[in-house]
Amino acid sequence: MFAFLAHGSSGWRVNDKMIKYIGSKRVLIPWIVDTILAIKRVDRFNRIADLFSGSSRVAHALKGRGFYVVANDINTYAYVLAKALVEADSGVYTRDKVEPILNDLMELPPKFGWFVQNFCVESRYFQPKNGERIQAIREAIEQYSDDPTLKAVLLTSLMLGADRVDSTTGVQMAYLKSWAPRSYGDLRLDYPPLLPGKGLALQGDALEVAEGLDVELAYLDPPYNQHSYLGNYHVWETLVLWDNPQVYGVARKRIDVRNRKSRFNSKREARRAMETLLSRLKVRHLVLSFNDEGFFSIEEIEALLRGWGYVVTFSRPYKRYVGALIGIYNPNGQKVGQVSHTKNKEYLFVATQSKTVYRELLSKVGSVHFAGSIQVPLF
């Protein structure tokens with residue numbers, strides 16, 4: 001029934017048809033989804049907002065569990081992913097409709113152009129043979145602009161295909177000095193993991209979007225450190241915008257990476273941004289993801305949330321993103337320095353206006369799945 005999550009005798013299974021993404025909640029999705037389902041069993045609701053949707057893994061999983069999901073992100077590549085993986089209805093954009101188009105795109109002759117020059121010659125994100133196919137396919141996708149959802153589905157297929165043959169550690173701040181083994185493969189376009197039913201994709205600043213939401217629960221996973229997601233995934237941003245931007249540096253980043261920053265990427269501004277976001281959300285429940293590598297301490301987040309509602313905090317160890325496991329590389333693709341640690345701790349904070357939900361979650365503290373601590377509200 002679900003393309004992303006299934007629940008069988010061995011527990012949750014996660015379909016990995018998503019792009020590699022720093023901060024991705026891939027292996028944490030069962031934990032996040034089951035926590036939200038535990039809230040729903042006590043206080044019935046169906047509408048959820050994911051205000052920092054990124055790769056859309058969480059939003060996609062929640063839609064797969066039957067929720068109506070509003071997925072928002074400031075970056076265009078993330079909006080495109082949400083448009084396909086959350087908003088698009090697989091009953092409308094069926095395999096029978098989409099796959100013939102993907103097959104036609106696959107038959108296009110390779111083409112050399114701006115994308116190939118910047119990302120395959122002047123840098124090495126993709127081998128030229130795949131870069132030339134990306135160039136040809138991306139140019140052809142423009143003809144589907146009269147149907148923005150179909151265009152998003154095609155672009156998502158292209159991003160997923162390109163991600164499988166790239167030569168990075170999982171972020172686009174740099175590329176590997178030597179070609180990654182997967183980069184020798186051939187680009188392939190597959191039908192994306194679309195789901196049945198409706199959803200909504202938005203592109204905007206979370207602080208501005210929050211006020212107009214009509215949902216019962218908000219899931220928050222904002223950036224908590226100085227690293228910009230636009231800088232980490234500038235190739236995807238350029239691929240979907242197809243605007244031939246001015247670029248700079250060995251990594252060939254878009255020039256707007258320098259000034260398109262989230263307030264959550266600033267240690268000086270992050271706390272005020274979080275306070276503003278919480279003040280603008282008109283929901284009954286909040287679920288917030290966080291790890292111990294960000295600007296905030298756990299105590300600071302708990303204090304912020306206690307001013308909003310009843311708070312329960314869960315935690316678990318978590319293996320760091322693939323780039324941290326592989327090593328640290330400079331923009332020339334050379335390995336530098338040493339990895340300080342390969343694991344961190346992930347936290348899941350639940351803040352609720354419902355004392356009944358709060359008590360139910362307290363009963364789960366100490367179980368293997370929900371191991372964590374509790375925080376009694378100040379009021």
Side-chain angles (χ1 to χ4, degrees), residues 17-21 55 75-78 80-81 83-84 98-148 150-192 230-257 329 331-333:
K17 294 181 179 178
M18 297 284 175
I19 61 171
K20 297 183 291 295
Y21 207 68
S55 66
N75 293 318
T76 310
Y77 71 84
V80 167
L81 290 169
K83 189 85 171 169
V98 175
E99 284 190 336
I101 300 173
L102 295 176
N103 291 336
D104 288 344
L105 292 172
M106 285 283 290
E107 294 298 320
L108 293 172
K111 185 173 183 180
F112 188 91
W114 183 92
F115 187 89
V116 183
Q117 179 65 35
N118 276 274
F119 298 125
C120 307
V121 177
E122 296 181 18
S123 60
R124 294 185 303 277
Y125 292 100
F126 307 98
Q127 297 217 23
K129 67 167 187 173
N130 284 319
E132 290 178 358
R133 299 187 71 196
I134 293 171
Q135 179 88 39
I137 290 167
R138 180 62 188 88
E139 288 185 4
I141 287 176
E142 280 302 295
Q143 68 185 289
Y144 298 97
S145 296
D146 59 336
D147 185 342
L150 176 58
K151 182 179 179 182
V153 170
L154 300 178
L155 286 173
T156 295
S157 176
L158 181 56
M159 272 191 277
L160 293 174
D163 186 63
R164 289 191 293 266
V165 295
D166 77 340
S167 190
T168 74
T169 63
V171 294
Q172 296 161 355
M173 294 173 68
Y175 44 83
L176 297 176
K177 183 178 181 180
S178 299
W179 290 111
R182 66 176 173 272
S183 72
Y184 290 93
D186 292 329
L187 179 76
R188 187 181 74 254
L189 300 183
D190 294 324
Y191 181 74
L230 179 62
N232 284 329
Y233 298 101
H234 63 94
V235 177
W236 298 147
E237 189 76 358
T238 295
L239 182 64
V240 299
L241 286 174
W242 208 239
D243 54 352
N244 295 6
Q246 181 182 350
V247 296
Y248 69 95
V250 176
R252 314 309 289 158
K253 291 182 181 179
R254 305 170 54 87
I255 196 72
D256 56 358
V257 167
Y329 291 78
N332 294 314

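At a threshold of 4.5 Å between non-hydrogen side-chain atoms, the residues Thr169 and Leu176 count as touching. Counting only heavy atoms from C-beta outward, the side chains of Tyr175 and Val250 approach each other to under 4.5 Å. In this structure, the side chains of Pro192 and Val153 come closer than 4.5 Å at one or more pairs of heavy atoms. Counting only heavy atoms from C-beta outward, the side chains of Val80 and Met159 approach each other to under 4.5 Å. Side-chain contact between Leu154 and Val98 is present, with at least one heavy-atom pair separated by less than 4.5 Å. Using a 4.5 Å cut-off on side-chain heavy atoms (C-beta onward), Arg138 and Leu158 make contact. Considering only heavy atoms from C-beta on, Arg124 comes within 4.5 Å of Trp179 through its side chain. Proximity of Phe119 to Leu239: side-chain heavy atoms (C-beta onward) are nowhere separated by under 4.5 Å.
Under the side chain to side chain donor-acceptor pair (under 3.5 Å) criterion, Gln143 pairs with no residue at all, not counting sequence neighbours. Residues forming a side chain to side chain donor-acceptor pair (under 3.5 Å) with Asp190 (at least two apart in sequence, or on another chain): Arg164, Arg188. Residues passing the side chain to side chain donor-acceptor pair (under 3.5 Å) test with Lys253, sequence neighbours excluded: none. Applying the salt bridge (charged side-chain N to carboxylate O under 4.0 Å, His left out) rule to Glu107 yields no partners; only residues at least two apart in sequence or on another chain are considered. Residues satisfying the side chain to side chain donor-acceptor pair (under 3.5 Å) criterion with Thr238, sequence neighbours excluded, are Arg254.
The nearest pair of heavy atoms linking Asp163 to Arg182 is O-NE, 4.1 Å. When all heavy atoms are compared, the tightest approach of Leu108 to Ala140 is CD1-CB, 3.5 Å. Taking both residues in full, the closest heavy atoms of Met173 and Ala251 are given as O-CB, 3.4 Å, listed atom of the first, atom of the second, then distance. Residues Asp256 and Leu230 come closest through the heavy atom pair O-CD2, 4.0 Å. Nearest heavy-atom pair across Lys151 and Ile141 is CG-CG2, 3.9 Å. The heavy-atom pair separating Ala84 from Ala152 by the smallest distance is CB-O, 3.8 Å.
Atom CD of Gln246 has 12 or fewer neighbouring heavy atoms from other residues, nucleotides or ligands inside a 6.0 Å radius. Annotation for Lys129: atom NZ counts as buried by contact number, over 12 foreign heavy atoms lying within 6.0 Å.
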task = Using the side-chain contact (heavy atoms from CB on, under 4.5 Å) rule, take Phe115 and Val235 through it: C-alpha gap first, then chi angles, then the decisive distance, then the call.
result = CA-CA 9 Å; Phe115 187 89; Val235 177; 4.1 Å; yes
task = Show your working on ring pair (Phe, Tyr, Trp, His ring centres under 6.0 Å) between His234 and Tyr248 and close with a plain yes or no.
result = CA-CA 12 Å; His234 63 94; Tyr248 69 95; 8.4 Å; no
Intermediate values then yes/no, side-chain contact (heavy atoms from CB on, under 4.5 Å), Ile134 and Phe126 = CA-CA 10 Å; Ile134 293 171; Phe126 307 98; 4.1 Å; yes
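With hydrogens and angles ignored, the 3.5 Å screen pairs no side-chain donor or acceptor of Arg252 with any backbone N or O of Glu122. Side-chain N or O atoms of Asp166 include none that pairs as donor or acceptor with a backbone N or O of Ala162 at under 3.5 Å. Under a 3.5 Å cut-off, the side chain of Gln135 and the backbone N or O of Lys111 do not form any donor-acceptor pair. At least one donor-acceptor pair closer than 3.5 Å links the side chain of Ser167 to the backbone N or O of Ala180.
The CH2 atom of Trp236 sits 12.5 Å away from the OG atom of Ser55 when rounded to the nearest 0.5 Å. Summarising the geometry, atom CG belonging to Leu189 is positioned 6.0 Å from atom CG belonging to Leu105; distances are rounded to the nearest 0.5 Å. Between the OG1 atom in Thr156 and the NZ atom in Lys83 there is a gap of 11.0 Å [rounded to 0.5 Å]. Taken from CZ in Arg133 to CD in Gln127, the straight-line distance is 13.0 Å, to the nearest 0.5 Å.
Residue pairs meeting the salt bridge (charged side-chain N to carboxylate O under 4.0 Å, His left out) criterion with at least one member in residues 230-241, sequence neighbours excluded, are Glu237-Arg260.
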